[in-house]
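This report refers to the structure that appears directly beneath it.
Remember, predicted model here, so these are calculated numbers, not experimental data.
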Amino acid sequence: MKDGMSSGVNGVLNHGIDLRLESLEEENYYIQQMCEFFNEETDFKAYLSGDRSFEIELDRDTPIMEVFIKDSILQLLPYSDDIFEAFTLILSFIAKHHTEIIQEFRESGGSKIETLKENEEIEEPSSDDDYEWI
């Protein structure tokens with residue numbers, strides 16, 4: 001059983017977890033909520049280290065891991081070998097709060113900046129028009 005569990009942890013560490021988030025703003029909101037959870041509901045300390053990342057510490061001298069979201073994939077960067085408790089708390093957070101956080105963000109009309117993929121066509125200015133005023 002232990003081999004199955006360690007291969008599951010390694011799978012998440014190597015490939016991450018697809019949260020199916022739709023925008024950078026939604027990723028930012030999600031990471032803020034997860035960081036807040038760690039500070040309010042656990043014995044760990046967490047602080048935002050970027051727009052879509054935070055670090056988890058046992059105390060000021062014992063960093064455990066960095067958690068970040070990129071392209072909707074939650075990834076973990078361990079700083080020590082003792083990540084199991086923080087890892088299980090992350091999984092528990094996702095299991096209990098994922099749907100609620102997404103609904104909260106989307107129902108609040110959370111601002112979403114369009115990405116290039118969402119734009120049908122971006123018009124580039126014609127170089128012919130640049131000197132028409134001369």
Side-chain angles (χ1 to χ4, degrees):
M1 178 74 180
K2 189 170 182 153
D3 289 333
M5 188 166 40
S6 70
S7 69
V9 171
N10 285 333
V12 170
L13 290 175
N14 292 332
H15 305 289
I17 299 171
D18 187 355
L19 298 173
R20 300 179 191 260
L21 303 175
E22 295 181 346
S23 68
L24 296 176
E25 294 77 19
E26 196 168 35
E27 292 174 0
N28 187 12
Y29 182 75
Y30 199 96
I31 211 78
Q32 288 174 359
Q33 297 303 308
M34 188 178 284
C35 183
E36 190 174 299
F37 164 81
F38 267 88
N39 283 321
E40 294 178 1
E41 305 291 329
T42 74
D43 293 332
F44 293 100
K45 302 298 176 216
Y47 59 91
L48 294 173
S49 55
D51 286 344
R52 294 172 287 148
S53 64
F54 73 96
E55 294 190 21
I56 301 170
E57 299 178 334
L58 189 53
D59 56 46
R60 286 191 165 263
D61 298 323
T62 315
I64 296 177
M65 75 171 66
E66 183 174 5
V67 180
F68 58 96
I69 301 174
K70 182 178 180 187
D71 298 327
S72 186
I73 306 295
L74 181 127
Q75 296 182 318
L76 310 173
L77 178 62
Y79 295 149
S80 75
D81 292 334
D82 192 20
I83 65 164
F84 187 73
E85 186 178 356
F87 177 78
T88 57
L89 286 167
I90 289 168
L91 294 180
S92 175
F93 175 85
I94 293 169
K96 292 178 183 175
H97 302 289
H98 180 73
T99 304
E100 149 193 340
I101 289 171
I102 290 174
Q103 284 178 340
E104 185 177 290
F105 180 82
R106 293 177 185 172
E107 288 175 2
S108 73
S111 60
K112 180 178 174 184
I113 297 173
E114 289 184 310
T115 63
L116 290 177
K117 294 178 190 174
E118 294 169 334
N119 292 332
E120 290 179 20
E121 185 177 319
I122 297 177
E123 290 185 31
E124 293 186 24
S126 170
S127 60
D128 295 339
D129 295 342
D130 290 344
Y131 299 102
E132 257 184 25
W133 60 274
I134 297 178

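- Rounded to the nearest 0.5 Å, atoms CD1 (Ile56) and CE (Met65) are 5.0 Å apart.
- In this structure, the side chains of Ile94 and Tyr30 come closer than 4.5 Å at one or more pairs of heavy atoms.
- One finds the CD atom of Gln75 at 11.5 Å from the OG atom of Ser53 (value rounded to the nearest 0.5 Å).
- Leu58 places none of its side-chain heavy atoms less than 4.5 Å from the side chain of Asp82.
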**Request:** Report the C-alpha separation of Tyr79 and Glu55 in whole Å, then their side-chain angles, then the decisive distance to 0.1 Å, and conclude whether the side-chain contact (heavy atoms from CB on, under 4.5 Å) test is met.
**Result:** CA-CA 10 Å; Tyr79 295 149; Glu55 294 190 21; 3.4 Å; yes
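- You'll find the side chain of Asn39 stays beyond 4.5 Å of the side chain of Tyr47, heavy atoms only.
- Side-chain atoms of Ile101 and Phe93, non-hydrogen and from C-beta on, do get closer than 4.5 Å to each other.
- For Glu57, there are no salt bridge (Lys or Arg N to Asp or Glu O under 4.0 Å) partners, not counting sequence neighbours.
- More than 12 heavy atoms of other residues, nucleotides or ligands sit less than 6.0 Å from atom CG of Asp59.
- If you chain together hydrophobic residues whose side chains sit under 4.5 Å apart, Leu74 and Phe38 fall into the same group.
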**Item:** Derivation and outcome, side-chain contact (heavy atoms from CB on, under 4.5 Å), residues Glu85 and Ile64
**Value:** CA-CA 10 Å; Glu85 186 178 356; Ile64 296 177; over 6 Å; no
**Request:** Given side-chain contact (heavy atoms from CB on, under 4.5 Å), test Leu24 with Asp51 step by step and report yes or no.
**Result:** CA-CA 9 Å; Leu24 296 176; Asp51 286 344; over 6 Å; no
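- With Thr88 contributing its side chain and Phe84 its backbone, the two residues share a donor-acceptor pair below 3.5 Å.
- Judged by distance alone, with hydrogens and angles left aside, the side-chain atoms of Glu27 form a donor-acceptor pair with the main-chain N or O of Ser72 at under 3.5 Å.
- By the neighbour-count criterion of 12 heavy atoms within 6.0 Å, atom CG of Asp18 is densely surrounded, having more than that number from other residues, nucleotides or ligands.
- Atoms CD and CD, from Glu40 and Gln33 in turn, are 9.0 Å apart once rounded to the nearest 0.5 Å.
- From His97, atom NE2 reaches atom CD of Gln103 across 13.5 Å, with rounding to the nearest 0.5 Å.
- Residue Leu21 is not grouped with residue Ile73 when hydrophobic side chains (ILVMFWY) are merged at heavy-atom distances under 4.5 angstrom, including chains of intermediate members.
- Looking only at side-chain heavy atoms (C-beta outward), Met34 and Ile69 stay at 4.5 Å or farther from each other.
- A 4.5 Å side-chain heavy-atom check between Leu76 and Ile83 finds every atom pair outside the cut-off.
- Contact between Arg106 and Arg20 at its shortest, heavy atoms only, is NH2-O, 3.5 Å.
- Contact check for Leu91 versus Ile17: side-chain heavy atoms found under the 4.5 Å cut-off.
- Put simply, Phe37 and Phe68 are part of two different groups of oily side chains (I, L, V, M, F, W, Y) that touch within less than 4.5 Å, one to the next.
- If you chain together hydrophobic residues whose side chains sit under 4.5 Å apart, Phe44 and Leu48 fall into the same group.
- At least one side-chain heavy atom of Val12 sits under 4.5 Å from a side-chain heavy atom of Phe87.
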